Amino acid sequence: MAGRINDDDVKAVRDAVPIDAVVSEYLQLRNAGGGNLKGLCPFHDEKSPSFQVSPSKGLYHCFGCQAGGDTLDFIMKIDHLSFSEAVERLAGTGGITLRYEEGGYTPGQSGRGERIRLVEANKAAAQFYLDQLESPEAEIGRKFLAERGFDQAAAAHFGVGYSPAGWDHLTRFLRGKGFSDKELILSGLSQDSRSGKPIDRFRGRLMWPIRDITGEVVGFGARKLRDDDNGPKYLNTPETPIYKKSQVLYGIDLAKKEIAKTSSAVVVEGYTDVMACHLAGVTTAIATCGTAFGGDHIKILRRLLMDNATAEVIFTFDGDAAGQKAALRAFEDDQKFAAETSIAITPGGMDPCDLRLAEGDAAVASLVSSRTPLFEFALRQMVARHNLENPAGRAAALDEAAPVVAAIKNIAIQHESAVQLAGMLGIRDEQFVVKRVAQVARWARDRGGRPGQGQQQGGRPTRPGHEQAAPEPAAHTPGPALNLRSPAHRTERELLKLALQRPALVSPAFDAYGPDEFTAPPYATVRQAIQDAGGTSLGTDDYLARVRDAAPNDTVRAMVTELAVEAIHAKNVDEIYAGVQLVQVRLRAVDRRVHDVQGTMARLGPNAPAEQAAAVQEELWVLQQYGQRLRNRGAEGL
């Protein structure tokens, strides 16, 4: 084994890669004030951002689920890596060569984490396939791309390559790069043959590298090119430790910045559709990888869109029955977005790739701009299932559609949608439909539920059977409860935030405070951790890291992170504000001690030994004088 990574190198990795740059690869961050950034937490579902990042401190904390830590903690949690794997990942990003305590400099495969090795194998395979696209054998692949309007530059932009038709070209190439047969099979690049020897999984196909949101290649989509290929039209990488088809979106690495910038995303159905859209200027296009658009895909988009009221997700589907069915499946997930959802039906059953080839880039851009709200599309599909030529058919259509409209919480939007539904049904008495919808909504309220379906933000309805689950309660940090209604707890919290975030403002006075001056047990343990780390006076760059390392357990460490990230509740965070917090915490401690000493005097009574009584009286007098000085002189009295 490679041994333990050198501590100095770990520190260098932490310092080299800013935490906001790392987190931004996974979600959109916006200004939260006080130098912090905020976004939708990637570790639990939420509608409003409670996830905060402090670039200056190199820490993150979610005030919803209590997840928190530094850059390495974030990478470990979001990508399910070990500590060593996370360090190796960030070291690669920061261009840092790691030293190991037992075994010299960065080792080969024996010292690398499994995920790192699989990512490296896929990266090497992607380059191999890309190079093979230039080979004479790949002429059929180049012709396929050219016939669909993609030149060499387009192929290179998306990393499209070619897998040779032989049995083990890639397998032998990757063996030469130092990868083991076990790693090649685990990555899905190779598979066992009848003879027991690994052979290439993809042979004689056009290859699209599938990248995760950070841009790392985690799998491939392979399109067959020859009639004698008996495999499926598209063959994807099987499920591996780094590739889960329900959790990846093709093109997300190229589209994420524009999605975050424009608060919109276009969902298409295939790899060539993504290419066509991007080349036509629709650079927010993404696609699923051999599976229906589902909940995990929604989570990825929501973190980029920030679920604001102006965000929009546009689905493009063929106008055939299969495309309409896919659109209705998308509507079933509509409630999971706070963003508006729309649909763009391609003309003549053409997908965006065919449309671009037939009518040019402008036609693809026009397709997206001519979208229809998905809610309206779904209503029309419901209505179309009924015979509207007779009263019975119109009544049946109204019975099916009314609960959907009734689920709209916004009364104005509900009313307009009811009028729209009346027009779809051909019912001239619009008020009849409006009243029917209102009646269904009232029945649902009286039952304490919804009219057959859920309700989502912005007044848009959800489909029957797909109610939005009640929000889960925020995870509670283990340990004694804190009462933030208590003035003492609030002040102690502010003082600890100052000690962690602005130590120079409270030093050296803070270092003379004992843990017993903090009435909340969690705060007392944090104060002890600061003391064990050397106090606020050292003021070195790794101050917060030392405090977190000094924490006795994960609960205290999480509290340190939370306090280091949480905003200080003052417009002007200066020596005056810091002095007020120092005085209030100390004054309450003095008052508590005065109360204790007065209790001691009462218990001693008039018959107490004179020497003992005098000592208690002296302590009481000193405490009272000190308390009075603090009240009169503030921080100067400390």
Side-chain angles (χ1 to χ4, degrees), residues 17-81 86 89-90 212-214 244 246-249 252 256-257 259-260 263 265 294-311 313 333 335-339 456-458 468-479 482 484 497 548 554-555 557-567:
V17 186
I19 190 169
D20 51 321
V22 173
V23 175
S24 302
E25 294 292 329
Y26 297 86
L27 60 141
Q28 183 185 172
L29 293 173
R30 292 181 177 172
N31 184 21
N36 284 2
L37 303 169
K38 66 181 179 180
L40 291 177
C41 180
F43 305 124
H44 81 288
D45 287 335
E46 60 180 5
K47 289 295 184 183
S48 57
S50 59
F51 181 91
Q52 293 213 11
V53 175
S54 175
S56 64
K57 303 175 188 68
L59 298 173
Y60 76 92
H61 182 79
C62 176
F63 292 91
C65 70
Q66 307 303 315
D70 61 15
T71 314
L72 290 173
D73 294 319
F74 179 82
I75 289 294
M76 289 168 63
K77 186 172 179 65
I78 198 165
D79 283 330
H80 309 288
L81 303 181
R89 162 83 77 82
L90 290 181
D212 64 15
I213 198 168
T214 69
K244 303 287 188 292
S246 64
Q247 298 174 8
V248 291
L249 287 165
I252 192 68
K256 64 181 179 182
K257 289 185 178 178
I259 289 174
S263 290
D296 288 331
H297 300 126
I298 290 172
K299 290 178 182 178
I300 296 172
L301 280 186
R302 287 184 64 239
R303 294 197 296 267
L304 294 174
L305 293 169
M306 282 284 284
D307 268 6
N308 61 68
T310 61
V313 178
D333 282 326
Q335 78 279 5
K336 296 178 182 176
F337 287 106
Q456 74 176 71
Q457 293 184 1
Q468 184 175 344
E472 295 183 2
H476 180 65
T477 302
L482 296 171
L484 294 186
K497 287 192 291 183
R548 295 183 74 245
D554 289 341
T555 300
R557 191 170 298 110
M559 178 61 73
V560 170
T561 304
E562 179 176 339
L563 295 172
V565 172
E566 184 178 303

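These figures come from a predicted structure and were not determined experimentally.
For Arg302 (side chain) and Glu46 (main-chain N/O), a donor-acceptor pair under 3.5 Å exists by modelled atom type. Under a 3.5 Å cut-off, the side chain of Lys299 and the backbone N or O of Pro42 do not form any donor-acceptor pair. Here the side chain of His61 pairs no donor or acceptor atom with the backbone of Gln52 at under 3.5 angstrom. A distance-only check finds a donor-acceptor pair linking the side chain of Asn36 to the backbone of Val565 [under 3.5 Å].
Here Arg303 pairs with nothing under the salt bridge (charged side-chain N to carboxylate O under 4.0 Å, His left out) rule; sequence neighbours left out. Contacts of Phe74 classified as ring-ring contact (aromatic ring centres under 6.0 Å, His included), with partners at least two apart in sequence or in another chain: Tyr26, Phe43, Tyr60.
Heavy-atom minimum distance, Asp20 versus Leu29: O-CD1, 4.0 Å. Pairing each heavy atom of Ser246 with each of His297, the nearest pair is O-NE2, 3.2 Å. Listed here is the closest heavy atom pair of Ser50 and Gly64: OG-N, 3.5 Å. Residues Ile19 and Ser54 come closest through the heavy atom pair CG2-O, 4.0 Å. Between Leu40 and Ser48, the shortest heavy-atom contact is CD2-C, 3.7 Å. In terms of heavy atoms, Ser263 sits closest to Arg30 at OG-NH2, 3.9 Å.
Taken to the nearest 0.5 Å, the CG atom of Leu304 stands 8.0 Å off from the NZ atom of Lys256. Considering CD1 of Ile78 and CE of Met76, their distance stands at 13.5 Å, rounded to 0.5 Å. With rounding to the nearest 0.5 Å, the separation of OG1 in Thr214 from CZ in Arg89 is 5.5 Å. Separating the SG atom in Cys62 from the CD atom in Glu562 is a distance of 10.0 Å, to the nearest 0.5 Å. Rounding to the nearest 0.5 Å places CD of Gln28 at 12.0 Å from CG of Leu301. Taken from CG in Asp554 to OG1 in Thr561, the straight-line distance is 10.0 Å, to the nearest 0.5 Å.
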Practice prompt. Might you work through the side chain to side chain contact (heavy atoms under 4.5 Å, CB included) test for Val248 and Ile252, ending with a clear yes or no?
Written response: CA-CA 8 Å; Val248 291; Ile252 192 68; over 6 Å; no
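Sequence neighbours left out, the pairs with a member in residues 52-72 that pass salt bridge (charged side-chain N to carboxylate O under 4.0 Å, His left out) are Arg14-Asp70, Asp70-Arg548.
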